[in-house]
Amino acid sequence: MKERLPAFIALFMLLCLVMMTWWAADYAQRSIPLDQPARISHEPDAWSDHFIMLSSDPDGVPKNRLEGDSMQHFPHNDSYEIVNAISTGQRPGSAITTGRADLATMFNNDKTILMRGNAHLHRFPSEDTSALDITSSELIIYPEKDIIETDKPATVIQGNSRMNGKGMTYNNQTRELKVYANTDVTISNKDLPSESSNTDQAPEENTRP
Amino acid sequence: QTTTPAANAQAEPETLVLSDTLSYDDKTKTSIFNGNVILTRGQMRLTSDTLKIQEDAQGFQHGTATVNSGKVRIFEERPETYETIRSEGDRAEYNGKDDTVKMIGHAIVNRYICGKLLDTVRGEVVIYNNKNNTYAAQGGPQATEPGRVRSVVKPQSAADEATEACRKQYNNKPMPSTLN
């Protein structure tokens with residue numbers, strides 16, 4: 001038993017060493033203040049009145065402008081909520097569009113803007129076409145792709161012609177409109193172009209930017 | 001004296017189109033309606049599976065109606081003269097500039113007065129001209145009788161008799177419309 005004593009002592013000292021090392025590591029770990037984990041909360045971390053956000057292309061030319069009476073930023077999903085929002089999009093080769101709504105939520109790395117409450121998109125007239133207006137309870141704008149869509153009932157007005165449908169997509173670059181259900185179109189003959197130039201025939205309040 | 005399209009437009013009724021889906025290309029001014037298409041224009045109604053409406057450079061609209069199965073059907077009423085016209089065919093084409101409707105492929109046009117069948121025109125193509133209210137029919141391989149046009153026209157007296165019957169029935173008032 002005596003001859004094994006040194007082995008035991010060595011083992012004991014090794015265990016003490018391991019325990020001391022573990023304690024020291026743990027103590028060091030605990031002593032360094034770590035960043036607080038992001039509080040999973042829905043409070044805004046930034047807000048402002050008279051909010052204007054401008055995004056531009058690599059050449060510095062403005063492409064999108066989002067403005068509103070007030071803005072709140074929510075860190076938990078990196079989204080912005082803008083009250084009385086106006087989203088304006090302009091791209092070379094496409095007509096300017098302005099989207100308005102009571103409340104806009106921008107998320108998905110600013111690639112998606114959900115316009116809710118009296119959502120109204122107005123596309124300005126261009127040289128070969130008259131203005132176009134889309135109204136619905138909800139519109140989703142994808143600024144990068146210049147696409148507007150909704151799965152709600154919507155009304156499209158172009159000139160004196162009117163189209164109702166449920167669920168649609170409008171691509172402002174290709175200027176194609178697809179309606180997915182319950183299409184009800186009234187084509188007015190007043191839209192036949194007269195001798196005078198093809199001016200903007202949309203009702204007056206629709207042309208105000 | 002040529003009437004400008006716009007002056008013409010005021011008198012023309014609106015065109016109402018119901019369908020399941022719509023694809024509209026604003027660049028080419030082309031609308032493609034798909035699924036249970038019902039076009040109503042004044043006293044005329046067209047039913048088909050697909051309807052393509054395109055606007056030409058002058059702004060006139062041209063339509064092509066097709067079906068996957070069955071027939072394209074056009075139903076037209078003239079309440080004042082108690083007439084109803086029923087046409088059917090494999091395909092229908094509307095030319096807004098000439099204001100003509102062409103029923104193509106096994107085309108049949110029936111004219112009724114007060115519900116009584118009076119005239120029938122069959123052929124491969126039957127062209128109805130809205131402006132001067134005339135029909136023209138052409139034979140061809142796709143006529144109900146290949147190569148031939150068959151028309152059955154009752155004497156005017158039969159038409160007058162039927163009209164008189166209707167006038168009594170509706171107390172000299174126009175026939176109520178079933179379209180709107």
Side-chain angles (χ1 to χ4, degrees), chain A residues 93-95 97 121 123-134 146 148-149 151 153-199 201-202, chain B residues 1-42 44-46 48-63 65 94-99 130 180:
Chain A
S94 295
T97 57
L121 179 95
R123 185 201 70 194
F124 284 75
S126 50
E127 62 281 355
D128 66 337
T129 188
S130 56
L132 181 97
D133 286 275
I134 303 177
D146 213 359
I148 299 92
E149 71 178 18
D151 58 2
T155 298
V156 180
I157 294 175
Q158 183 170 35
N160 294 283
S161 296
R162 160 189 289 268
M163 196 281 311
N164 296 304
K166 186 172 186 299
M168 75 176 61
T169 297
Y170 173 64
N171 185 322
N172 191 43
Q173 293 195 27
T174 62
R175 280 178 30 205
E176 281 180 1
L177 173 75
K178 293 195 184 305
V179 182
Y180 301 118
N182 304 344
T183 309
D184 165 357
V185 173
T186 303
I187 303 171
S188 168
N189 284 295
K190 294 193 196 80
D191 287 340
L192 289 173
S194 63
E195 298 323 304
S196 62
S197 67
N198 184 358
T199 52
Q201 291 164 353
Chain B
Q1 188 255 341
T2 57
T3 52
T4 62
N8 208 1
Q10 306 309 334
E12 291 285 322
E14 286 183 335
T15 305
L16 172 65
V17 184
L18 303 177
S19 66
D20 291 343
T21 65
L22 160 66
S23 176
Y24 170 62
D25 185 335
D26 192 40
K27 282 183 179 169
T28 59
K29 304 291 185 207
T30 304
S31 305
I32 298 175
F33 299 87
N34 264 304
N36 303 310
V37 179
I38 300 171
L39 178 145
T40 307
R41 182 183 167 87
M44 186 270 283
R45 180 182 56 208
L46 173 143
S48 67
D49 291 333
T50 305
L51 174 64
K52 178 180 176 183
I53 296 181
Q54 185 149 17
E55 200 176 285
D56 64 17
Q58 290 87 34
F60 291 105
Q61 289 167 349
H62 304 276
Y94 169 69
N95 183 319
K97 193 164 194 173
D98 309 336
D99 205 359
N130 277 310
N180 2 18

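Chain letters run A, B, ... following the sequence lines, proteins first, then strands; residues in each count from 1. All values below come from the heavy atoms of this structure, side chains included, with hydrogens, waters and symmetry mates left out.
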Where does B:Ile53 contact chain A at under 4.5 Å (heavy atoms): side chain, backbone, both or neither?
side chain
Between A:Thr174 and B:Asp25, what is the shortest heavy-atom contact and its length?
O-OD1, 4.0 Å
Pick from B:Ser31, B:Gly96, B:Ser19: which one has the most heavy-atom pairs with chain A under 4.5 Å?
B:Ser19
Name the one of A:Glu176, A:Gln158, A:Arg175 that satisfies side-chain contact (heavy atoms from CB on, under 4.5 Å) with B:Tyr24?
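Only one option passes, and that is A:Gln158.
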Please check if any side-chain donor atom of A:Thr129 sits under 3.5 Å from a side-chain acceptor atom of B:Lys29, or the reverse.
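Per modelled atom types, A:Thr129 and B:Lys29 side chains form a pair under 3.5 Å.
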Which distance, rounded to the nearest 0.5 Å, do you find between the CG of B:Leu18 and the CG of A:Asp184?
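Answer for the CG-CG pair, B:Leu18 versus A:Asp184, is 5.0 Å.
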If you look at every heavy atom in B:Thr21 and A:Tyr180, which pair is closest and at what distance?
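Heavy atoms of B:Thr21 and A:Tyr180 come nearest at CG2-O, 3.4 Å.
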Given a strict heavy-atom distance threshold of 4.5 Å, which part of A:Met163 is in contact with chain B: side chain, backbone, both, or neither?
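Contact with chain B: side chain only.
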Is A:Ile187 close to B:Gln61 at the side-chain level, that is, under 4.5 Å between some pair of heavy atoms?
yes
Any salt bridge between B:Asp26 and A:Arg123, counting N to O under 4.0 Å?
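A:Arg123 and B:Asp26: salt-bridged.
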Could you check whether any side-chain heavy atom of A:Val185 comes within less than 4.5 Å of a side-chain heavy atom of B:Leu22, counting everything from C-beta outward?
yes
